[in-house]
Asker: 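Supplied in structure tokens, the structure appears directly below.
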Amino acid sequence: MAEMEETLDFNDILDDWFIESLKTYKDLHVYQLEHPTQVIEWTSGRTVCVAGYSSSKNEILELHLPLKLLADENKGLCAERDFKVVHGGFAEGPVCCLRHVPGTRCVVTNDGLSSDLQVWTVGGDDSDVIRRTGSVKGTRSVSAGGSRIAAPLSSQVLHGARSSDIQLTELTSGQSLYTLETDSAEPLSSLQFVSDAVFLAGGCNGDVYIADTRTSAAPQLCPGPASRGESVLWWTDASAGRVVRLSSSGRAVISDLRDLGEAVSAAQLDVQSRRCNLDDVRVSWAPALDDCIAVSGFSAAVQVYKTSVWSAERQDVRPLFEHRGHSVSSRSGDHVFATAHVWHPERPRTLLSAASDGSVHVWDWVDQSEL
Amino acid sequence: MPEIKVTPLGAGQDVGRSCILVSIGGKNIMLDCGMHMGYNDDRRFPDFSYITQNGRLTEFLDCVIISHFHLDHCGALPFMSEMVGYDGPIYMTHPTKAICPILLEDFRKITVDKKGETNFFTSQMIKDCMKKVVPLNLHQTVQVDDELEIKAYYAGHVLGAAMVQIKVGSESVVYTGDYNMTPDRHLGAAWIDKCRPDILISESTYATTIRDSKRCRERDFLKKVHESIERGGKVLIPVFALGRAQELCILLETFWERMNLKAPIYFSTGLTEKANHYYKLFITWTNQKIRKTFVQRNMFEFKHIKAFDRSYADNPGPMVVFATPGMLHAGQSLQIFKKWAGNEKNMVIMPGYCVQGTIGHKILNGQRKLEMEGRSTLDVKLQVEYMSFSAHADAKGIMQLIRMAEPRNMLLVHGEAVKMEFLKGKIEQEFSIDCHMPANGETATVTTNPSVPVDISLNLLKREMALGGPLPDPKRPRTMHGTLIMKENSLKLVSSEQALKELGLNEHQLRFTCRVQLQDPHSDPDTLNRIYTHLKSVLKGYTIQHLPDGTVMVESIVIKVSSSAEDTSTKVLLLSWSYQDEDLGSFLSTLLKKGLPSGLC
């Protein structure tokens, strides 16, 4: 009897949230994958790749977004709400990082255990297979934790697990084109290009390195924000000249890319700080929405914050929007965590998020402050 | 090796119609007989020429099984049975039998009356076809004939939908039809036992889809209805009495209650009478919740939903109306549509597929100007929404079903094998079973390994055990000697002696003898010795004995040496063997005729 009551409560809460969602979301899609993913990567404007992270064999899938979401005119006449699995492949180990090489049908993955990368080719129209076509050796032969991967607009890949082993590798030849010269060996939490040749590497201690792959000059090092002795991890994201750094205690700092030493604004985010691993938390700037960041990994929620209202002194802030779908629709409640999120490259308020229970949500939220 | 053959009828890549032929244990079964809704000509019917070039199908088919009442699964049935010709049994569940003829008649009316087609089945043909139907109950084994049996399992999806197991001897096939693995508001989820069929047949589209949750589809429905009501518009929902009407009513009722909404909701009475009638008849096919509700009250008794009167359509202000028929092709729903189409605040929500030729089909294709009777045109200004609520399994669901049934082989129809290498690999890896993907018109052949149970006599068993050696087990079969007696339906393995006794026959032994002349100057015993040595070196691996009674035995073949009376160096070898050792005996006589090698001592 108690079990039935519990089921009723769960359904009631779920129903409540769905009713509430009528006003808080324009579009909402809820999917259940067979196995959870901690990567979501755009491979085109309409397709994403996801992959499993269990310790043994895992699937890499390329999914086509539902037609109804993509339809602009005549949206009402399209009833198609499902993901289509267009390509799939098998990885021997977990997939912790997955990056699409722009302008190609290649993706590069890392298993989070060593710094080697696997190279895959996603089939065309005539095949549904994602095939392993190569590998890239990391500089360390001893496993030192996973590598971060960044890909510029060509068939080169920038990768590394620590600041001491960042290198730029030509995919087809395997040739190393550039290596970052630095003394420190800080594990990296992020690696991205901020222009064609200039990249930013974020260490987990909050330090940020900026370097140019065309020169062998030493990188510019910007130490992380003072942490008052707490041992925290830091994640970094850069976009349009601004950099956000987020700590595992929920502290966020915004700086200008040209002057990282100065904090433009700071805030204490409304998150439950917990013991995090390097792969847990994601922070990203919205590509099509001014001054907005999305944060996930502290719990099952994905939050959107508007940074333009932050002040220079660190104050508590509330999110502009919180997506609670993963916790509400999971029967395990507290034990579910959001593993990944991505913004849609063009639609301002559309995001995809994934959680540890295998759920994947696609949501287009309503900015209540604009109503 | 015994095999099962499966052929999806149809041509090239076309999907959207189900008609599959299965040949198992000498029996031929047709699974579903659907109409392809995208074609206007004969291509909409399955291509029966695969079965026979001309003439009736009765002698070629042992039975036809229909999984559920959707037209892409049963739409061509009257054409097949009455126009091509089939007089054998047609199996389907009770609800399917009750609902099929209604849908077929509606479909016929639209196609013939509205579109003026001629090569189509008539109302009488539908009736004659349904007379051949034998209804099925869930989980009940039905003997089609002495050897062929079928059983229906609950599939969910729509009222009366079934998955079917077809069995001949120890070979079986399960066909899923359309099914879903998660229960919804009025139907349960598909279920099957660990029946371990040789082949599980399902749709490839399931395996490549990840479905949006039911709740999100419902949310979209509520959102659209709510938005229209809020702006003062009217919402028309054309439904088929046994489609989603009941489910959508429950949904709206709950929503109205929660949000304290005041706008009226109506359903046409024809709709409720029919729906109540059928749900009452087939209550066991719905889910737990519906059954509980029904026991308490009439299924269409709602607080916020009332019976419709046609005068209400002219009332001002917002309202929601459920009306039949579902494709806006006639009747009340079309009347209401005509009144409301001109106002852009209004909305029509189509919850299902609409057949070509209907207004529903036209507006879902974006048509905004419709030609009505009497050459008048209707401007479609209201908002048109197409929503799909049909419950289908997806990639996760198909894996769950395979885990439930544990088939030895998987077969997916309506996909392109060339493009499905990953999917095939996934199923093969996860379950260690083969995955077949025949193209339309192509036959997939699956070899089976049926086990044939045979009784073994105790004497024979004891004798085999007495021979020693390891005990037989499934991984190490042992060869044995016996006689198989097939009497009536039983198979029995006995010793040869017992078989002869049972048959009243005497056992005879056949022995061959042969004389071979040999030149050898030694004494008889020495010659015999030399023969023994020679054979031992040539016939390695055989049991060769030199016995004290003056003979050499090779297995059971006896060799004796004696001298010719005239000349002691001319030896006569006497070889004697039984019929069983015929080959070896012949070999030995040929060998010895060649003489003994000189190098022997």
Side-chain angles (χ1 to χ4, degrees), chain A residues 11-12 14-23 25-35 50 57 59-64 66 68-69 73-90 123-131 325 328-329 358-363, chain B residues 182 205 207-227 251 254-255 258-259 347-353 363-367 383-390 392 394-400 415-426 429-430:
Chain A
N11 279 316
D12 282 341
L14 190 54
D15 279 342
D16 281 341
W17 182 74
F18 268 97
I19 299 285
E20 189 194 308
S21 79
L22 293 177
K23 286 275 186 270
Y25 296 83
K26 271 199 354 227
D27 283 319
L28 179 64
H29 295 255
V30 167
Y31 302 92
Q32 190 63 35
L33 297 177
E34 275 183 87
H35 309 286
V50 295
K57 212 160 188 168
E59 285 175 9
I60 304 178
L61 302 174
E62 187 187 39
L63 308 175
H64 193 292
K68 194 175 177 85
L69 185 76
E73 322 141 2
N74 291 334
K75 203 174 169 100
L77 300 183
C78 181
E80 192 53 66
R81 300 183 64 92
D82 303 328
F83 269 138
K84 280 259 164 279
V85 180
V86 284
H87 292 96
F90 295 101
D125 286 336
D126 54 347
S127 152
D128 70 335
V129 174
I130 299 179
R131 217 179 289 280
V328 166
S329 56
S359 55
V360 169
H361 295 180
V362 184
W363 37 286
Chain B
T182 41
T205 44
T208 51
T209 303
I210 300 182
R211 284 189 74 80
D212 189 14
S213 72
K214 198 74 194 292
R215 275 199 157 88
C216 281
R217 291 166 206 274
E218 292 175 347
R219 176 195 172 268
D220 202 29
F221 171 70
L222 292 176
K223 190 167 200 293
K224 295 281 160 18
V225 171
H226 193 214
E227 279 166 6
L251 197 51
T254 320
F255 185 58
R258 198 188 268 270
M259 307 288 278
M347 179 185 283
V348 63
I349 299 181
M350 309 297 295
Y353 179 81
I363 59 173
L364 286 180
N365 276 314
Q367 220 172 308
Q383 201 174 326
V384 179
E385 291 285 332
Y386 185 18
M387 296 193 186
S388 162
F389 293 98
S390 66
H392 279 293
D394 66 359
K396 189 167 184 216
I398 208 175
M399 298 309 241
Q400 282 174 312
E416 291 174 61
V418 185
K419 294 192 184 180
M420 301 185 87
E421 197 187 319
F422 165 68
L423 180 58
K424 190 169 191 296
K426 179 182 149 105
Q429 275 184 44
E430 177 132 0

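We name chains A, B, ... by the order of the sequence lines, and we start the count at 1 in each one.
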Asker: Of the backbone (N, CA, C, O) and the side chain (C-beta and beyond), which part of B:R258 lies under 4.5 Å from a heavy atom of chain A, both, or neither?
Answerer: side chain
Asker: Determine the option with the most heavy-atom pairs under 4.5 angstrom with chain B, choosing from A:D16, A:L22, A:L63, A:V85.
Answerer: A:L22
Asker: Specify the closest pair of heavy atoms between B:T205 and B:T209, including all atoms of both residues, with the distance to one decimal.
Answerer: O-OG1, 2.7 Å
Asker: Pick whichever of A:V360, A:D15, A:V86 has the most heavy-atom pairs under 4.5 Å with chain B.
Answerer: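 Option with the greatest count: A:D15.
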Asker: Measuring heavy-atom distances to chain B, does A:S329 have an atom under 4.5 Å in its side chain, in its backbone, in both, or in neither?
Answerer: neither
Asker: Identify the heavy atoms of B:Y353 and B:Y386 that sit nearest to each other, and give their distance.
Answerer: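 In this case the closest contact between B:Y353 and B:Y386 is CA-OH, 3.9 Å.
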Asker: Specify which of A:F90, A:Y25, A:F83 makes the most heavy-atom pairs with chain B at under 4.5 Å.
Answerer: A:F90
Asker: For A:K68, which atoms come within 4.5 Å of any heavy atom of chain B: side chain, backbone, both, or neither?
Answerer: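 Only the side chain of A:K68 comes within 4.5 Å of chain B.
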Asker: Looking only at heavy atoms, what is the nearest atom pair of B:G352 and B:L364, with distance?
Answerer: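 So the two residues come closest at O-CD1, 4.3 Å.
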Asker: Give a yes or no on whether a salt bridge exists between B:K426 and A:D128, defined as a side-chain N under 4.0 angstrom from a carboxylate O.
Answerer: no
Asker: Which heavy atom of B:F422 sits nearest to which heavy atom of A:V129, and what is that distance?
Answerer: N-CG2, 3.7 Å
Asker: I'd like to know which of B:R219, B:E227, B:Q400 tops the heavy-atom pair count under 4.5 Å against chain A.
Answerer: B:R219
Asker: Could you have a look at A:C78, A:A79, A:G358 and say which one has the most heavy-atom pairs with chain B under 4.5 angstrom?
Answerer: A:A79
Asker: With only heavy atoms counted, which part of A:D126 is less than 4.5 Å from chain B, the side chain, the backbone, both or neither?
Answerer: backbone
Asker: Measuring heavy-atom distances to chain A, does B:M259 have an atom under 4.5 Å in its side chain, in its backbone, in both, or in neither?
Answerer: side chain
Asker: Sort B:M420 into side chain, backbone, both or neither according to what part of it lies under 4.5 angstrom from a heavy atom of chain A.
Answerer: both
Asker: Checking heavy atoms, do the side chain of B:I363, its backbone, both or neither come under 4.5 Å from chain A?
Answerer: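 Looking at B:I363, just its backbone touches chain A.
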Asker: In terms of heavy-atom pairs under 4.5 Å with chain A, which of B:M399, B:M350, B:H226, B:Q383 leads?
Answerer: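 Ranked by heavy-atom pairs under 4.5 Å with chain A, first place is B:M399.
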Asker: So which of A:E34, A:R81, A:E59 has the biggest tally of heavy-atom pairs under 4.5 Å with chain B?
Answerer: A:R81
Asker: Please name all residues satisfying ring-ring contact (aromatic ring centres under 6.0 Å, His included) with A:H361, sequence neighbours left out, ordered by chain then number.
Answerer: A:H323, A:H326
Asker: Specify which of B:S388, B:S213, B:G366 makes the most heavy-atom pairs with chain A at under 4.5 Å.
Answerer: B:S213
Asker: In chain order, what residues pass the side-chain hydrogen bond (donor to acceptor under 3.5 Å, both in side chains) check against B:K396, with sequence neighbours excluded?
Answerer: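 In terms of side-chain hydrogen bond (donor to acceptor under 3.5 Å, both in side chains), with neighbours along the sequence ignored, B:K396 is linked to no residue.
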Asker: Say you draw a straight line from CG of B:D394 to NZ of A:K84; how long is it, rounded to the nearest 0.5 Å?
Answerer: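 Between B:D394 CG and A:K84 NZ, I get 9.5 Å after rounding to 0.5 Å.
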Asker: With a 6.0 Å cut-off (strictly less than), is the heavy-atom count around NZ of A:K26, excluding the residue itself, greater than 12?
Answerer: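 At most 12 heavy atoms, drawn from other residues, nucleotides or ligands, come within 6.0 Å of this atom.
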Asker: What part of B:Q429 lies closer than 4.5 angstrom to a heavy atom of chain A: side chain, backbone, both or neither?
Answerer: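 For B:Q429, the side chain is the part near chain A, not the backbone.
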Asker: Report the distance from atom CZ of B:R211 to atom NE2 of B:H392, rounding to the nearest 0.5 Å.
Answerer: 6.0 Å
